[in-house]
Amino acid sequence: MSVRVRFAPSPTGKLHLGNVRTAIFNYLYSKNKKGTFILRLEDTDAVRSTDESIEGLIKDLKWLQIEWDEGPIIGGDYGPYRQTERYDIYQNHLKKLLEEDKAYPCYCSSQALDKLREEARAKGVNFIYPGTCRRLTEKERKEREASGVKPSYRLKVSPHIVSFKDLIRGDVSIHTNLFGDFIIVRQDLSPTYNFAVVIDDSLMKVTDVLRGEDHLSNTPKQILLYEAFGYEKPNFGHFSMILGPDNAKLSKRHGDVSVEAFRERGFIPEGLFNALALLGWSDPEEREILKKDELIERFSLERVNKSAAIFDENKFRYINKQHILCLPLKDFANMIKPYFVKEGLVNESFSDEEEEWFLKVAEIVQKRISLLTEAVEQAKVIFEFEPSLLNDEIKAVLQEEDCLKVILSYALKAEKRDLTTRENYISLVNEIKNETKIKGKNLYHPLRICVSSSMSGPDLDQLVPTIEIGSKLNLPVKIESTSQRAWRYIQFLREQGYKI
RNA sequence: GGCCCGUUCGUUCAGCGGUUAGGACGCCGGCCUCUCACGCCGGUAACACGGGUUCGAGUCCCGUACGGGCUACCA
């Protein structure tokens, strides 16, 4: 039989790393098995569910390229895929259980229940519903009904141990005394989580229920429900939690851990997807940088780890960097462009020349960043030049006797040259080298300083032509050519009392 | 409190009865180089503890400790 899995988030906020990792595992598992990946919205919590969350959720999944085969927007044969649109189905199921005497109405007020709960806690024992309404006679039931009390509905649960084989954790056994007769339908006739999940998973023919460990103790309740309905049980598998640095379940307390936040921080979909997949799963050959198709091909539940994992920022950045490196230059350029537009450094729409030039900028930046948001910072040297930024390192270079000679020579020669190609730049440097007999660090350090006012940055033979081409373009912020920069540097040095 | 699950370098993932306990990130050192970065080479560092089982245990069993999850008319 073909595998069918689902990702069933409740749209009560932003999609966060823990949830999306569950989505990724489900997705990888289903695609590996050539099965079906279903998206279902568990929006029965009327108070907390919002349309905004649904939109965000869909946007995030699409961004990560986790596409669903059945679900909202695209539909499918087992819809609807929003629980709030399935209430009649739940009502029918409740009716059936009532008729078969497997469930019963409970008229106890929540206040009374709260009191019992408190008492149980005071005595240090686990609270379970005492079954008051289970033993009501038909007459008593009628009386309560007549008095206008709206009941909730509970499942009849007998005391016994429920066991199941978890796909990830192996044999798990839990005693039903842990929860007793639990509520399946609320007073307002809305289904509770466990009730709706079982009905939906059955009707949607889900074969494997794969979710977070926080649902492990719900599983016996759900098994009881499958048995009550006479439905075939799916396989269950529970992934370990993702923890924050303090060892607690990853949450808002650890900063914004939403997918949206990671997107805004400059992660690319391939990188985040890969990093998340590696949190709790490992490749048989211990490869770490994997594309989506490779992950699909290599994924298996056998290699999913049982123990919780602490989210590690460093590793995520590293993996993201590797994927940035894999990006075709054109795609990468398109990804970083918005950041430059936002800073007012380039125009929103490019001329052909600008386009070609920006590709060079992108090339310089690509191997120097881990996050897209770092692109502008790394390219700053192309756009800005500030002679007055003297640090100790630069001052030390300026003390060298030959330094000023190199700078002056460059300024003189550069203003008459076309330095828009690497070849032209190199031949000019060679000229300086031959005429002044200065070479190595003594040559390159002054050159770097007078064109970039910095001691570090991209290779000069790449940087200088890019600056030169940029200086000839009609950009929002005019780029100063390297000869202008050199002259301005000389000017500055003279003001500082250097003899040049 | 009760129940369930987990525990290998700082972090992450290998290991599925016999290994010098391996890879990756981070960190440190070196090489490359005009600097930084990239890349390459090397180093650092772990089987929570105590009992068993076994010729032999990180690997199997039982305790203890620690961590996490659940304990709702939330999902």
Side-chain angles (χ1 to χ4, degrees), chain A residues 8-12 19 42-45 47-49 83 106 108-110 113-114 117 120-128 150-154 166 168-170 172-175 177-179 182-194 196-197 211-220 238 240-241 243 245 247-249 275 278-289 302-303 305-319 321 325 364 366-369 378 393 397 429 439-449 452 454-461:
Chain A
S10 57
T12 56
N19 285 138
E42 310 221 324
D43 55 347
T44 57
D45 185 338
V47 184
R48 296 196 301 143
S49 296
Q83 291 188 326
C106 172
C108 297
S109 70
S110 49
L113 257 18
D114 285 346
R117 229 187 304 275
R121 188 187 298 249
K123 272 191 274 183
V125 296
N126 191 236
F127 168 78
I128 61 169
K150 289 260 175 278
S152 58
Y153 295 87
R154 290 179 182 273
D166 191 282
I168 295 169
R169 330 192 86 82
V172 178
S173 300
I174 297 176
H175 199 107
N177 276 168
L178 234 188
F179 43 83
F182 61 95
I183 291 180
I184 51 177
V185 172
R186 301 185 190 104
Q187 237 174 351
D188 66 0
L189 294 181
S190 65
T192 60
Y193 165 72
N194 287 301
V197 157
R211 74 247 283 203
E213 193 190 341
D214 44 346
H215 288 289
L216 192 59
S217 33
N218 281 320
T219 308
H238 295 271
S240 60
M241 304 273 82
L243 273 26
N247 261 333
K249 184 171 151 184
L278 245 36
L279 222 46
W281 174 83
S282 63
D283 179 73
E285 291 169 31
E286 296 195 52
R287 277 183 57 191
E288 300 208 294
I289 305 304
E302 288 75 57
R303 296 193 67 85
N305 206 116
K306 281 193 260 289
S307 52
I310 296 171
F311 159 72
D312 179 27
E313 171 94 23
N314 272 328
K315 192 67 178 266
F316 271 52
R317 289 170 61 99
Y318 166 77
I319 292 171
K321 184 192 194 109
L325 251 17
I364 286 173
Q366 190 169 19
K367 66 169 189 279
R368 304 177 70 85
I369 63 172
Q378 284 302 324
E393 236 184 326
V397 173
V429 172
K439 57 186 180 182
K441 286 193 206 307
N442 290 336
L443 174 63
Y444 289 104
H445 281 165
L447 284 177
R448 176 173 292 283
I449 290 171
S452 75
S454 168
M455 282 290 287
S456 67
D459 290 344
L460 286 175
D461 56 1

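The sequence lines fix the lettering, A, B, ..., with proteins before strands; numbering per chain opens at 1. The model shown is predicted, which means the values in this text are computed figures rather than measured ones.
Counting any heavy atom pair closer than 4.0 Å across all strands shown, A:His238 reaches no nucleic acid atom. Within 4.0 Å (heavy atoms only), A:Leu216 reaches sugar-phosphate atoms of the nucleic acid but no base atom. Residue A:Arg48 is classed as a base contact, given a heavy-atom separation below 4.0 Å to a base. Within 4.0 Å of A:Ser456, counting heavy atoms only, lies at least one base atom of the nucleic acid. Counting non-hydrogen atoms under 4.0 angstrom, A:Ser173 reaches the backbone sugars and phosphates but no base. At a threshold of 4.0 angstrom between heavy atoms, the contacts of A:Ser454 with the nucleic acid are absent. Here A:Gly280 lies in heavy-atom contact (under 4.0 Å) with sugar-phosphate atoms only. Contact annotation for A:Arg448: base contact, defined as any heavy-atom pair under 4.0 Å involving a base atom.
For a distance-only test at 3.5 Å, the side chain of A:Glu213 fails to qualify as a donor-acceptor partner of the base of B:G6. No donor-acceptor contact under 3.5 Å links the side chain of A:Asn194 to the base of B:A75.
Note on A:Lys249: a side-chain N or O is less than 4.0 Å away from OP1 or OP2 of B:C70. A sub-4.0 Å separation between OP1 or OP2 of B:A14 and a side-chain N or O of A:Arg287 is absent. For the OP1/OP2 pair of B:U35 and a distance below 4.0 Å, the side-chain nitrogens and oxygens of A:Lys441 include at least one atom meeting the criterion. The shortest distance between the side-chain N/O atoms of A:Arg303 and the OP1/OP2 oxygens of B:G15 is below 4.0 Å. For the OP1/OP2 pair of B:A14 and a distance below 4.0 Å, the side-chain nitrogens and oxygens of A:Ser282 include at least one atom meeting the criterion. When the side-chain nitrogen and oxygen atoms of A:Thr192 are compared with OP1 and OP2 of B:A75, none of them lie within a distance under 4.0 Å.
What separates NZ of A:Lys315 from P of B:C9 is a distance of 15 Å, to the nearest Å. Between the CD1 atom of A:Ile174 and the P atom of B:C3 there is a distance of 12 Å, given to the nearest Å. A:Lys306 places its NZ atom 11 Å from the C1' atom of B:C5, with the value rounded to the nearest Å. Regarding A:Arg368, its CZ atom lies at a distance of 9 Å from the P atom of B:C38, rounded to whole Å. The nearest whole Å value for the distance from the CG atom in A:Leu278 to the P atom in B:A14 is 10 Å. Separating the CG atom of A:Asp283 from the P atom of B:G15 is a distance of 12 Å, rounded to the nearest angstrom. In this structure, A:Glu313 atom CD and B:U11 atom P are separated by 17 Å, rounded to whole Å. Spacing between atom CG of A:Asn305 and atom C1' of B:A14 amounts to 10 Å, rounded to whole angstrom units.
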For nucleotides 39-47 of chain B, tabulate all protein N/O to nucleotide N/O atom pairs closer than 3.5 Å, reporting atom names and distance.
none

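Of the two residues near RNA chain B, A:Ile369 and A:Pro9, the one whose nearest nucleotide lies more 5' is A:Ile369. Taking for each of A:Glu302 and A:Leu460 the nucleotide of RNA chain B with the nearest heavy atom, the 5'-most of the two is the partner of A:Glu302.
Judged purely by distance below 3.5 Å, without hydrogens or angles, the side chains of A:Thr192 and A:Asn194 never pair a donor atom with an acceptor atom.
Rounded to the nearest Å, the gap between the P atom of B:C61 and that of B:C66 is 22 Å. To the nearest whole angstrom, the two P atoms, one in B:U53 and one in B:G2, are 31 Å apart.
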